[in-house]
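Worksheet: the structure to be examined is printed underneath.
As the structure lists them, so they are numbered: ligands from 1, and atoms in each ligand from 1. Worth knowing before you read on, the calculation uses all heavy atoms, side chains too, and leaves out hydrogens, waters and symmetry mates.
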Amino acid sequence: MTGLASFNLSGQRALITGAAGLLGREHAAALGELGADVVLTDIGAAPLQALCAELAAAPGGSFRAMVMDVTDPASIAAAARAAGPVDILINNAAIDPKVTATGGLELSRLENFPLAEWHRQMEVGLTGAFLCAQAFGTAMAARGGGVILNIASDLSVIAPDQRLYQRPDAAPGAQPVKPVTYSVIKTALLGLTRYLAGYWAADNVRVNAISPGGVYNGQPEAFVQRLSALIPMGRMAGRDEYRAAVQFLCSPASSYMTGQNIVIDGGRSIL
Ligand SMILES: NC(=O)c1ccc[n+]([C@@H]2O[C@H](COP(=O)([O-])OP(=O)(O)OC[C@H]3O[C@@H](n4cnc5c(N)ncnc54)[C@H](O)[C@@H]3O)[C@@H](O)[C@H]2O)c1
């Protein structure tokens, strides 16, 4: 299969974690467009069902909602049983802490960052990806192949520029920052990607990552301007600008690619 035909996903089942959020719906629409049977999973049933109803109107594959907590192996096992054989897994769930000044002790700062918060974010963004890969990837390897796509971030390849989050009303030691967890989790996902790619290469399970830059989602104008000034293309991403990369990496179009990370960031990380 070559060319556009190699993007075809009819007869393939895809499962997306954290699918009810901003980008999960885009991944779902992208795979549905190629004919996949898409299982959308997240921790709450209602938003998922609403999203499935919305997506069902679009031409292409089919969409199902399933509650699944990526931090809970029993919940993953139950979803795996209910979903049926999964050919494509997108590890998308994460806690992306919004950076806002609290007025009190600034907990986002490294020196104040609560251990419990470190564990909570690691559990969803990193342990969750491991647990889902362990469950679904092992089954893919046993069945003769599959695809895992890990959603990282431009912060997997660059450090956060903390000047982006500065507040004029906060003292220097109380400035909010992008927490350490986000960088550590997203960078570790690339290590997980390479490890799994090597581990399952002979079993025809391909594992890749994308590192998206910031998506415009109605953020405050001052923030958007500051971030855009750091991006050679001069703007944040549209929410649908990762769809084609997801389609490429989840389909046989990328059949000779594994263990890699595609950075899609308007050029931010080249500076
Ligand atoms: N939005 C961006 O600008 C951006 C940029 C780069 C990377 N990313 C990455 O893309 C992915 C999706 O981002 P988003 O903006 O859609 O985030 P989002 O916060 O809108 O969605 C994340 C989803 O994960 C779910 N989730 C949280 N805990 C969970 C758990 N225990 N089990 C299952 N699901 C759980 C949430 O309910 C939520 O629906 C994340 O990995 C994020 O880090 C986003």
Side-chain angles (χ1 to χ4, degrees), residues 15-30 39-52 65-80 89-99 117 119-133 135-136 148-158 160 164-165 178-179 181-190 192-193 209-219 223-224 227-228 230-231 235-243 245-246 249 261-266 268-269:
L15 185 142
I16 302 170
T17 71
L22 179 69
L23 288 183
R25 67 173 55 217
E26 300 297 327
H27 308 328
V39 182
L40 294 95
T41 72
D42 208 301
I43 45 179
L48 277 178
Q49 270 147 12
L51 178 54
C52 281
M66 216 167 272
V67 172
M68 185 182 94
D69 181 342
V70 297
T71 67
D72 177 3
S75 171
I76 295 170
L89 165 69
I90 302 188
N91 280 319
N92 171 74
I95 293 173
D96 186 357
K98 299 301 166 232
V99 180
E117 192 56 22
H119 286 311
R120 186 176 81 94
Q121 293 181 23
M122 286 288 171
E123 232 180 299
V124 176
L126 186 56
T127 311
F130 157 69
L131 288 173
C132 289
F136 295 103
I148 299 175
L149 176 61
N150 293 322
I151 308 298
S153 157
D154 55 2
L155 295 186
S156 71
V157 291
I158 56 172
L164 280 172
Y165 310 103
K178 190 77 172 181
T181 34
Y182 200 72
S183 284
V184 172
I185 289 165
K186 294 307 185 183
T187 306
L189 276 181
L190 301 191
L192 181 67
T193 301
I210 60 169
S211 284
V215 178
Y216 179 70
N217 188 28
Q219 292 93 339
F223 172 82
V224 174
L227 177 52
S228 300
L230 297 175
I231 299 172
R235 63 175 180 84
M236 296 180 72
R239 62 181 66 189
D240 60 356
E241 289 191 293
Y242 303 113
R243 283 192 189 192
V246 167
L249 290 173
N261 175 37
I262 298 185
V263 182
I264 307 170
D265 64 352
R268 179 167 175 205
S269 59

I'd like to check whether [X] has a polar contact with ligand 1, where a contact means an N/O of the residue lying under 3.5 Å from an N/O of the ligand.
X	result
L23	yes
G214	no
G21	yes
D154	no
K186	yes
D96	no
V124	no

Contact list for residues 15-25, test salt bridge (Lys or Arg N to Asp or Glu O under 4.0 Å), sequence neighbours left out: R25-E54

Taking 4.0 angstrom as the limit and counting only heavy atoms of [X], give me the atoms of ligand 1 inside it, by number and element.
X	answer
D69	30 (C), 31 (N), 32 (N)
A20	39 (O)
T71	31 (N)
I151	9 (C), 10 (O), 11 (C), 41 (O)
M68	32 (N), 33 (C)

Test side-chain contact (heavy atoms from CB on, under 4.5 Å) applied to E117 - qualifying residues, sequence neighbours left out: F113, P114, R120, Q121

Residue pair [X] / [Y]: nearest heavy atoms and the distance that separates them:
X	Y	answer
L40	A28	CD2-CB, 3.7 Å
S75	D69	OG-N, 2.8 Å
V157	S269	CG2-CB, 4.0 Å
V67	G44	CG2-C, 4.2 Å
A152	L189	CA-CD1, 4.2 Å

Closest candidate by heavy atom, reference atom 9 (C) of ligand 1, pool S153, P212, A152, A94: A152

Heavy-atom proximity to atom 11 (C) of ligand 1, best of L40, N92, L48, V67: N92

Side-chain donor/acceptor of Y242 to backbone N/O of G213, under 3.5 Å: yes

N150 (side chain) donor-acceptor with A209 (main chain) under 3.5 angstrom: no

N261 versus S211, side-chain donor and acceptor atoms under 3.5 Å: yes

Test item, S211 contacting ligand 1 (heavy atom, 4.0 angstrom): no

